[in-house]
Asker: 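Dumping the structure here so I can ask a few things about it.
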Amino acid sequence: MPFPALALTADPFPSDSADAAILALPALGDDRDEPSGFTGLRPVLDAIGFTGSRNAYARVYAPDVTDRPLAVVGLGSSPDAAAVREAVGTAARQLTGFDTVSVMVAADVDDAWRAAAEGAALGGYSFDSFKSDDEEKAAKRRRAAKVLVHGAPHADDRALDAVRAGAAAVALVKDLVSTPADRQSPAQLAEAAVDAVAGLDIDVTVYDEKDLEEGGFGGILGVGRGSDRPPRLVRLDYAPDGAQRHVALVGKGITFDTGGLSLKPAASMMGMNEDMTGAAEVLAVVRAAAELRLPVHVTAWMCIAENMPSGRATRPGDVLRVLDGTTVEITNTDAEGRLVLADGLVAASREHPDVIVDVATLTGAILVALGTRHTGVMGHGDAVDAFLRAADCTGELAWPLPLPEYIGEELESRIADLRNANMGSRAGGSLYAGLFLQRFVGRTGEGEDAPRIPWVHLDIAGSAMSATGAYGFTDKGPTGATVRALIDFVAAGGEVQ
């Protein structure tokens with residue numbers, strides 16, 4: 001199981017059915033008072049120097065509280081839902097070897113149970129598919145299979161279902177992103193998408209290379225031309241009766257990115273099986289929408305290709321024709337994500353949705369601008385504010401960036417309509433990519449003066465991976481960043497709530 005089963009309980013903490021327990025505590029004062037309801041715990045905490053600072057974690061022996069193994073984790077001096085989510089996730093990630101774990105938050109935080117359940121589900125995820133540990137070793141590092149959350153007297157099943165759906169969406173992304181490229185070709189990723197939504201009210205269409213050729217998807221075909229494993233485009237459509245809003249999601253799905261003929265250095269090629277994270281995210285979000293039966297029409301487009309060098313590969317200087325007829329001079333074959341997304345944005349626009357969001361591990365420049373935890377957000381219309389609001393509610397870091405007109409002038413090519421990269425310039429690389437994508441967002445009506453469809457561009461090249469280590473509920477590796485925010489964004493129909 002990739003993440004633990006969740007259940008709410010009214011049992012005294014910890015539950016008799018639990019093998020171990022997690023207690024989240026606010027910062028301890030200097031008055032030596034006991035944490036409320038836990039007589040005999042303070043001397044134990046003082047003995048090991050535990051102060052309740054944010055995300056501080058320790059295993060303690062506290063027989064006055066419980067005879068079961070107990071982990072305490074700190075919420076800091078001003079606990080809120082985000083602190084609870086992170087703290088419980090920190091503990092769920094580190095407390096291993098137990099099948100069923102009780103979780104309690106000893107702080108007055110609104111909907112603390114929900115944040116605790118989210119943290120436990122996210123922190124309890126693990127990916128073990130390719131490990132060959134013996135049974136005893138695997139058991140010692142195994143995270144809880146079930147988490148019992150205490151202190152939720154007014155919670156309803158629908159709220160818990162939303163937590164489960166969000167955790168399952170993040171787990172699906174992490175599973176797909178962690179899969180090596182030798183086991184995940186474009187065709188295999190398309191098959192995984194079909195399997196992931198089987199039994200749900202989602203229509204799936206898979207376009208193979210012949211369909212793409214007949215349809216004029218020159219961006220996806222141009223990127224995938226150098227690979228022996230041809231590209232795919234997957235359209236997933238969840239259209240419940242009575243839906244008043246239509247949200248389209250477009251995801252970059254490069255199953256491996258060598259850079260093509262603009263070959264990456266060897267060190268930069270490590271981890272490039274993760275370049276399909278955007279496609280995995282839009283798949284996970286449309287699946288969650290169907291599982292939760294959201295009253296919103298959601299269409300997801302997974303733009304999938306493998307970027308390889310060969311005698312067939314697109315060359316620097318070649319010109320590709322994208323789905324809407326726009327010609328693009330290829331100045332850098334390693335700026336391939338924007339080419340597959342261009343086709344996806346055009347296809348999504350033709351259905352006239354109320355809002356379009358594209359998600360992509362798009363530019364290394366976004367790491368320079370925002371580091372490794374913030375998602376770069378660009379776009380136009382109130383949809384940008386709606387996404388930022390959703391991200392704030394789910395505790396996912398995001399930051400708005402501009403789309404300056406003067407950089408847009410640099411898109412012009414001498415021989416084609418556009419060029420895909422501004423080679424030789426280190427200025428505003430993420431903004432250049434966003435401006436390129438903006439050209440392929442359709443308009444709300446006929447005529448060049450009609451406004452473009454509200455659009456949000458999410459550059460997750462930094463936030464999609466935790467390359468250096470674990471933190472909070474996040475392991476080293478794929479993070480699933482923006483997935484939960486996108487589910488909330490979709491639930492609101494892409495509007496500010």
Side-chain angles (χ1 to χ4, degrees), residues 13-14 20-62 64-66 69-95 101-124 147 149-155 163 370-375 388-399 463 466 468-475 479 481 484-485:
F13 175 83
I22 293 171
L23 179 61
L25 296 167
L28 305 179
D30 296 330
D31 50 15
R32 304 294 175 182
D33 288 346
E34 296 279 3
S36 179
F38 296 97
T39 303
L41 181 59
R42 182 64 187 258
V44 173
L45 301 179
D46 288 342
I48 62 171
F50 181 87
T51 64
S53 60
R54 190 158 178 167
N55 291 344
Y57 170 84
R59 287 277 298 273
V60 298
Y61 175 62
D64 290 340
V65 176
T66 178
L70 175 64
V72 290
V73 63
L75 297 171
S77 58
S78 301
D80 56 11
V84 171
R85 189 185 300 114
E86 284 189 16
V88 173
T90 296
R93 184 170 49 77
Q94 297 183 73
L95 183 63
V101 174
S102 276
V103 173
M104 179 74 180
V105 178
D108 185 15
V109 175
D110 290 342
D111 283 338
W113 75 267
R114 177 168 183 150
E118 288 175 338
L122 295 167
V147 170
V149 181
H150 296 252
H154 305 298
V163 174
L370 297 179
T372 58
R373 297 193 187 180
H374 279 80
T375 292
L388 292 170
R389 184 78 59 87
D392 185 58
C393 290
T394 57
E396 299 186 81
L397 301 178
W399 196 257
S463 59
S466 174
T468 55
Y471 60 92
F473 52 74
T474 301
D475 274 309
T479 65
R484 292 179 300 113

Asker: Is there side-chain contact between Phe38 and Val44, with heavy atoms separated by less than 4.5 Å?
Answerer: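 Phe38 does not reach Val44 side chain to side chain.
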Asker: Could you pull out the closest heavy-atom pair between Gly151 and Trp113, with the gap in Å?
Answerer: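 Minimum heavy-atom separation between Gly151 and Trp113: O-CB, 3.8 Å.
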Asker: Could you grab the distance from atom CD of Glu396 to atom CG of Leu388, nearest 0.5 Å is fine?
Answerer: 12.0 Å
Asker: Output the distance between atom CG (Leu28) and atom OG (Ser53), rounded to the nearest 0.5 Å.
Answerer: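 Answer rounded to 0.5 Å: 9.0 Å.
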Asker: Minimum heavy-atom separation for Thr39 and Asp64, please, with both atom names.
Answerer: O-CB, 3.6 Å
Asker: Mind checking what makes side chain to side chain donor-acceptor pair (under 3.5 Å) contact with Ser463, not counting sequence neighbours?
Answerer: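 Residues passing side chain to side chain donor-acceptor pair (under 3.5 Å) with Ser463: Thr375.
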Asker: What side-chain donor-acceptor pairs closer than 3.5 Å can you find for residues 73-95, not counting sequence neighbours?
Answerer:
unit_1, atom_1, unit_2, atom_2, d
Asp80, OD1, Ala82, N, 3.3
Asp80, OD1, Ala83, N, 2.9
Arg85, NE, Glu118, OE1, 2.9
Arg85, NH1, Thr394, O, 3.3
Arg85, NH2, Glu118, OE1, 3.3
Glu86, OE1, Asn55, ND2, 3.2
Thr90, OG1, Glu86, O, 2.8
Thr90, OG1, Gly472, O, 3.4
Arg93, NE, Gly472, O, 3.0
Arg93, NH2, Gly472, O, 3.2
Gln94, NE2, Thr90, O, 3.3

Asker: Once rounded to the nearest 0.5 Å, what's the spacing between atom OH of Tyr57 and atom CD1 of Ile22?
Answerer: 7.0 Å
Asker: In sequence, state the C-alpha distance, the side-chain angles, and the governing distance for Phe50 and Leu41, and then conclude on side chain to side chain contact (heavy atoms under 4.5 Å, CB included).
Answerer: CA-CA 11 Å; Phe50 181 87; Leu41 181 59; over 6 Å; no
Asker: State, with a plain yes or no, whether a side-chain heavy atom of Thr372 is found less than 4.5 Å away from one of Thr468.
Answerer: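 No, too far: nothing below the 4.5 Å cut-off.
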Asker: Check whether any side-chain heavy atom of Asp475 lies under 4.5 Å from a side-chain heavy atom of Ser466, and answer yes or no.
Answerer: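 In short, these two side chains do not touch, never coming nearer than 4.5 Å.
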